[in-house]
Amino acid sequence: MGSAMTERARPTALDPTDWQEFRRLSHQALDDMITQLETIETRPVWQPMPAAVRESFRQALPHSGRDLADVLADFDADIAPYATGNRHPLFMGWVHGAGTPVGMLGEMLAAGLNANCGGRDHVGIEVERQVTRWVAEMFGFPGHASGLFVTGTSMANFLGLLVARNKALGDDVRVAGLKAASSQLVAYASAQAHGCIAQALELAGIGSGNLRLIPIDETGAIRIDALREAIAADRNAGLLPFLVFGTAGSVNMGAVDDLDAIADIARSEGIWFHVDGAFGALATLSPALKPLVKGMERADSIGFDFHKWAHVPYDAGFLIVRDPDAHRRTFAAAATYLQRAPRGLAEGETWPSDIGPDLSRGFRALKTWFTIQTLGADRIGAAIEACCAVARHLAASLQAEPLFDVVAPVTLNVVVWRVAGDVDDNVNNEIVMDLHERGVAVPSMTTIGGRPAMRAAIVNHRTGTAHIDGFVAELLATTRRLQGRFPKRR
Ligand SMILES: Cc1ncc(COP(=O)(O)O)c(C=O)c1O
């Protein structure tokens, strides 16, 4: 029956009319992309899009299709050259993973399967459960902890907050809203916490005004004494402390909070402890770095990204929650169209849609499974450790130059510096933009102590010390060329 159905192509089906030609072009496209990855260093890190290319994306909705060969030619000419640049070893701006060829393959095969991983009884759900158990093992969580893929850590932190809110106020909060609270909920995070945490409070209707941003110490970590005092003050004022965020790898400085001390406070205060480990949580895969994130294993929940330091292609954020019941009670809802069956495809007790808000979900677990299966956790850990060594090499090279001041300690992989001496601080941003525009390297800009600074987050497994030496030489030349144009205003 199956062959009879496929013999006659339906005119409305969207499959290729010539499978052989599709196969040929697809193999060529894959080959070209593998060559791109193999030769990534021969191209500029980033290049601005010419006006004509930008203009080519302003066309009206195409009503008829074009040949795939033509569309692939457009991809080669107008899309591939103008991507973010994060695959290149001299990309060190922001905190971006570099991807891996094997992750790309996993992503492509997942698209081929086109599985909807919202629920039901199929292998996509089983692979995600496998990855969840690996995450629990990596972080020292119990094997029954529940977890799911999300877009990124911003979403994981938000969902972690919702579980904490539910735990603090009980299930009533889902129906009654925040009126279920006997008093105002308050959360805590370091002053260096990522902006998505304040946003999560806003999205949850609690309000970012109820997030206490606790001062940091000289390493950039939350001050534990100040955290204790803030909680006590809020309790005295009749407020309801319910959640403390610890940061494992702050975005600006790579600082790591004392997670053990936060866990102690959370336990004695009876409040939820969520770790924002967007990139830093995976430092646990390196035996040398693991002590830095000690205490993370005591968290109630952790948000992190496989697409950062594990280099799974975007996107592959993840939330793990120690207490599966608390997790499920926050999101699960009965719906007739999601009814479970004792047998068949609708079998299964807890589906991903019971522990998160998404019902349609891609097979993010597959590219992650491919990455971990082929590389192994130890090799990923070694690449993370190498990034930190490269960051220390960069910091030492900059410190050796009288032209620069390194302005933050290097705990993990983030180096922050600015031009020393009698110059307008804006020169720092100009240098960064100049390096970007020439495609030489991509550091980023930030502000430390209220003043502009340059920043390198070494996340890329392709970046080595020789790249850094080349970068420092370019940075020096660029700084010498520009600094005279930015005298300090008296
Ligand atoms: C510490 C920290 N938290 C949260 C985020 C946000 O993660 P995402 O971009 O995956 O939403 C980042 C991003 O760099 C981060 O460094």
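Only a predicted model underlies this, so the values are computations on that prediction, with no experimental measurement involved. Note that ligands are numbered from 1 as they come in the structure, with each ligand's atoms numbered from 1 the same way. Hydrogens, waters and symmetry mates are skipped; everything else that's a heavy atom, side chains included, is used.
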Could you tell me whether R120 sits above the aromatic face of W351, with NZ or CZ closer than 6.0 angstrom to the six-membered ring centre and within 45 degrees of the axis?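 The answer is yes; both the distance and angle limits are met.
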
Is the [X] ring parallel, tilted or perpendicular to the [Y] ring (thresholds 30°, 60°)?
| X | Y | value |
| --- | --- | --- |
| H96 | W94 | tilted |
| F245 | H274 | perpendicular |
| F141 | F139 | perpendicular |

Cut-off 3.5 Å, no hydrogens considered: what does the side-chain donor-acceptor table look like for residues 312-319, sequence neighbours left out?
| unit_1 | atom_1 | unit_2 | atom_2 | d |
| --- | --- | --- | --- | --- |
| Y314 | OH | G97 | N | 3.4 |
| D315 | OD1 | R364 | NE | 2.8 |

Protein residues near ligand 1, heavy-atom distance below 4.0 Å?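 Around ligand 1, where the cutoff is 4.0 Å for heavy atoms, the contacting residues are V95, G152, T153, S154, H194, C196, G249, V251, D276, A278, F279, D305, H307, K308.
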
Taking atom CD of Q399 as the centre, does the number of heavy atoms from other residues, nucleotides or ligands within less than 6.0 Å exceed 12?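 For Q399, atom CD is crowded (more than 12 foreign heavy atoms under 6.0 Å).
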
